Amino acid sequence: MMMSQASQVNDPADVSIDLDTIQAMDETERQAFLSSLPWQPVSIDDFKALSKEEQLFRIRHSAAHIMADAVQHVRPGTSFATGPATEHGFFYDMVSPEPLTNDDLETIQSHIDQITAAKHAFEFATIPKADARRLFKGLGQRHKQDILTKIPTDDVTLYRHGDFLDLCAGPHVPLTSICANMKVLNLSASHWRGEAVPSLTRLTGTAWAKDKDLSRYLEFLEESKKRDHRVLGPQLDLFSFHPWASGALWHPHGVTLRHTLMDFWRKTIYNKDYQEILNPQLYRKDLFETSGHWDHYQENMFIFRDEQNEPDFVLKPMNCPDTMLYYKTKLRSYKELPLRIAEGQILHRNEASGAIHGIMRTRNFVQDDAHVFLTTEHVHAEVQQLMGMIDELYGLFDLTYTVSLSTRPDDYMGEKHVWDEAERALEEALQSTGKAFEIDEGEGAFYGPKVDIHIQDSLGRRWQCGTIQLDFQLPERFDLTYIAQDGSHQRPIVVHRAIFGSFDRFVGILIEHLGGAFPTWLAPIQVTVLPIADRHADYARQVAQQLTDQGIRVDVDTASETVNNRIRLSETAKVPYALVVGDREAEEGTVSIRKYSEGQKGVKPVAEFVADIKQLVDSKAFDVAVKSYKELFENVAAGVKLEKQDY
RNA sequence: GCCGGUGUAGCUCAAUGGUAGAGCAACGGUUUUGUAAACCGUAGGUUGCGGGUUCGAGUCCCAUCACCGGCACCA
């Protein structure tokens, strides 16, 4: 939540080699060389003995080779970079003499289908790196040459199937036919070794063990498109986008949703002894020079300049620096700790234009932010409390999550023993929750170790939302102290923490996770009352009033439309309840209840329905059915390390 | 920011370089309905914005803005 980590430095080349001096293998030599190698087939028995996860991983990595093979036919002379398996499939990065276009995808797919139908065998051979250099130079594979400079071993492996040859560590499937359930999906861009220019073309595809898995995945892609918050949000009249606006324009229904969520946030944290502050959005840059943001975060800040064109004011990108100012407004006692200070203020970050994504990544947003001032002894209990809150809050939305602990990075600041102590406290606290977590060695922020929470939604996507970060730097920079029991001045630790992450993003996640059908307590309109005919309008308004009196959000639809059509509109607006009222209901003082997507639920006296829905809202019942595709991704999450497969 | 793509009515989409159209929504009228689309009509556009080529540009070219798919970055 504080500043970003220092940008990743590319690994220096293991060996400094002048690629120009390598002599390329010509065609004749290559033929002789390749046919002299002791090629071994991939064992079918070994493959069959593997776990489903390992098999899927191999299928996807092999699918990348098959796709590259297809591209080789469509664009001869293509230089291939890396083609790993991913969580949903695979990709291969490449540069073609003539760039690929979307029109080529169909042709590539038909080549793929031929290659998988041909049942080519995958074979491999080990060769000295020096030979590989000459071989791939002769083939014009300049990215493979570059990769060779980064491989530390003396020998490398080659894999081939049909007439496609690749530098590859493997492992692969025995036959191309095992990859028959693969589909090339789209075309995009990536950067070779993180450098901006020249860029690579990334062809992405998906592959599955069974054809029904593939079709299920394709169905999932369709469903994702429909659930996209950028489509559903405007459709449900929650917010809209405008080319002139940074971020979304929030409409009344969207604001209701946000406020319901924020009210819930306030209630929850106030119960846990948090206090809320409200600070300015605009500060002199001195604040950020002191906090370190001026040096580490400047390019992401909106900066104003004075008449001399000197930077003077800055829109705050985070709540931590000015929370330090609040802490310092008086002398603090150890008796006040842990001191929990929350702030739900708009933050502005000048994100790169390409990073903007609907309401998930915007240049202005609100975090459910808080900073806790405490001592080392408090860390354990505090983290426990936070993990409990996370479990409780995410559980309300049927969101599952994973936890990781990021430890001391190489460029850490502060003293090692303090880090050790903090990490131990974090780890013990996490262990005491019984929740499984991964340790990301060296991935902590430079100012302290952190716990990151990744939400997994019903579409199997992971989002980093919640975070618990220990910070030793800000207290130092702002010279924060408290008076200890013995009268000495001591330095507190700061914990940065968020659970929803940002309300904007969390709303986006909820929309996509729930497909826009919110549980009753969150729905912007909770009930539509539908009079059958005009003469029932008064009764409909009476019913609505009784609901409104109990704080239920109601809409009465008296439009001159058929009942069928008004029911349809209520359904497409995903309103949880529609109450149909006609002569019978008006006479008996009842309502005919219709639940979203479930249809008729019978007739009840108004008072009874009011009590029922009030109970649903008060208990924050999760009364929606979420269509989930999680099963598609559970295998992958089970633990095959995907990123390792680099070439 | 970088690479590639897209941009036509509020929305979803049509329109060989030759008069910009349809459905839904909106508006007006008729209809008063019993659980997912009543009927008739009206209006709606400098084809993202700006240049250029052409007798003629939604269509071709250039530039720009926004969005989309990724990369990089991140809540």
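Per chain, numbering begins at 1; letters A, B, ... match sequence-line order. Keep in mind the model is a prediction, meaning the values are calculated, not measured.
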Inter-nucleotide P distance (B:rG52, B:rA66), Å rounded: 24 Å
Rounded P spacing from B:rG45 to B:rC55 in Å: 31 Å
Pairwise 5' ranking along RNA chain B for A:Glu299 and A:Val563, keeping only the more 5' one: A:Val563
Separation of atom CG in A:Asp228 from atom C1' in B:rC67, rounded to whole Å: 12 Å
Pairing residues for A:Phe220 by the ring pair (Phe, Tyr, Trp, His ring centres under 6.0 Å) criterion, not counting sequence neighbours: A:His88, A:Tyr217, A:Tyr629, A:Phe633
Under-4.0 Å side-chain N/O to phosphate OP1/OP2 contact, A:Arg202 with B:rC71: yes
Rounded distance in Å between the C1' positions of B:rC61 and B:rU54: 12 Å
With sequence neighbours excluded, residues passing salt bridge (charged side-chain N to carboxylate O under 4.0 Å, His left out) with A:Glu222: A:Lys225
Sugar-phosphate, base or nothing in reach of A:Glu585, heavy atoms under 4.0 Å: base
Any A:Ser353 side-chain N or O less than 4.0 Å from OP1/OP2 of B:rG1: yes
Just the atom pairs and distances: protein N or O near nucleotides 60-66 of chain B's N or O, under 3.5 Å.
none

Aromatic centroids of A:Phe80 and A:Tyr92 separated by under 6.0 Å: yes
Donor-acceptor contact below 3.5 Å, side chain A:Arg566 vs main chain A:Thr558: no
Gap between atoms CG and C1', on A:Asp452 and B:rC74 respectively (whole Å): 11 Å
Touch class at under 4.0 angstrom, heavy-atom based, for A:Arg594 against every strand present: base
Side chain to side chain donor-acceptor pair (under 3.5 Å) involving A:Gln235 - partner list, sequence neighbours excluded: none
Residue met sooner reading RNA chain B from 5', once A:Asp583 and A:Thr201 are mapped to nucleotides: A:Thr201
Whole-Å P distance, B:rA75 and B:rU16: 49 Å
Charged tip of A:Arg60 within 45° of A:Phe90 ring normal and under 6.0 Å: no
Whole angstrom value for the distance that separates P of B:rA75 from CE of A:Met301: 15 Å
Per-nucleotide protein contact string for nucleotides 38-46 of chain B, where B marks a base within reach and S marks sugar-phosphate only (heavy atoms under 4.0 Å, - for neither): B--------
Candidate nucleotides B:rG70, B:rA72, B:rA75, ranked by approach to the side chain of A:Ala189 - the nearest: B:rG70
Whole angstrom value for the distance that separates P of B:rA75 from CG of A:Asp369: 11 Å
Sugar-phosphate, base or nothing in reach of A:Asp504, heavy atoms under 4.0 Å: nothing
Touch class at under 4.0 angstrom, heavy-atom based, for A:Ser570 against every strand present: nothing
Atom-to-atom span, CG of A:Asp557 to P of B:rA25 - whole angstrom: 13 Å
Touch class at under 4.0 angstrom, heavy-atom based, for A:Arg584 against every strand present: base
Of the listed nucleotides B:rA36, B:rU35, B:rC71, the one nearest the side chain of A:Arg568: B:rA36
Phosphate OP1/OP2 of B:rC68 contacted by A:Arg230 side-chain N/O (<4.0 Å): yes
Centroid-centroid under 6.0 Å between A:Phe239 and A:Trp250 rings: yes
Residue pairs involving residues 558-590 of chain A (criterion ring pair (Phe, Tyr, Trp, His ring centres under 6.0 Å); sequence neighbours excluded): A:Tyr577-A:Phe609
A:Glu571, nearest nucleotide to its side chain (from B:rA36, B:rU32, B:rU35): B:rA36
Polar pair under 3.5 Å, donor/acceptor by atom type, side chain A:Glu351, base B:rA72: no
Listed partners of A:Asn319 passing side chain to side chain donor-acceptor pair (under 3.5 Å), at least two apart: A:Lys316, A:Asp369
Value in whole Å for how far the C1' atom of B:rG69 lies from NZ of A:Lys225: 11 Å
Whole-Å gap separating C1' (B:rC67) and CZ (A:Phe241): 11 Å
Distance, P atom - from B:rA20 to B:rA63, rounded to whole angstrom: 29 Å
Those residues that, when tested against A:Glu441, pass side chain to side chain donor-acceptor pair (under 3.5 Å) (two or more places apart): A:Thr407
Aromatic ring pairing A:His357/A:His229, orientation class (parallel under 30°, perpendicular over 60°, tilted between): tilted
Whole-Å C1' distance, B:rA43 and B:rC24: 15 Å
Watson-Crick and G-U pairing of RNA chain B written in dot-bracket, each distance under 3.5 angstrom, with | for inter-strand partners: (((((((..((((....[..)))).(((((.......))))).....(.(((..]....))).))))))))....
Touch class at under 4.0 angstrom, heavy-atom based, for A:Asp534 against every strand present: base
Any N/O donor-acceptor pair, A:Gln600 side-chain to B:rG34 base, under 3.5 Å: no
Partner residues of A:Tyr596 under the side chain to side chain contact (heavy atoms under 4.5 Å, CB included) criterion, sequence neighbours left out: A:Ala517, A:Glu571, A:Lys574
Sugar-phosphate, base or nothing in reach of A:Gln464, heavy atoms under 4.0 Å: sugar-phosphate
Touch class at under 4.0 angstrom, heavy-atom based, for A:Val580 against every strand present: base
Plane angle bin for A:Phe288 and A:His293 - parallel if under 30°, tilted between 30 and 60°, otherwise perpendicular: perpendicular
Nearest-Å distance once atom P is located in both B:rG48 and B:rA37: 36 Å
Qualifying residues under side chain to side chain donor-acceptor pair (under 3.5 Å), relative to A:Asp538, sequence neighbours excluded: A:Arg541
Rounded P spacing from B:rU31 to B:rC39 in Å: 16 Å
Separation of B:rU31 C1' from A:Arg535 CZ (nearest whole Å): 14 Å
Results of side chain to side chain contact (heavy atoms under 4.5 Å, CB included) for A:Val366 - residues two or more places apart only: A:Arg258, A:Met262, A:Ile346, A:Phe503, A:Asp504
Among B:rU33, B:rG69, B:rA75, the one nearest A:Arg505 by side-chain distance: B:rA75
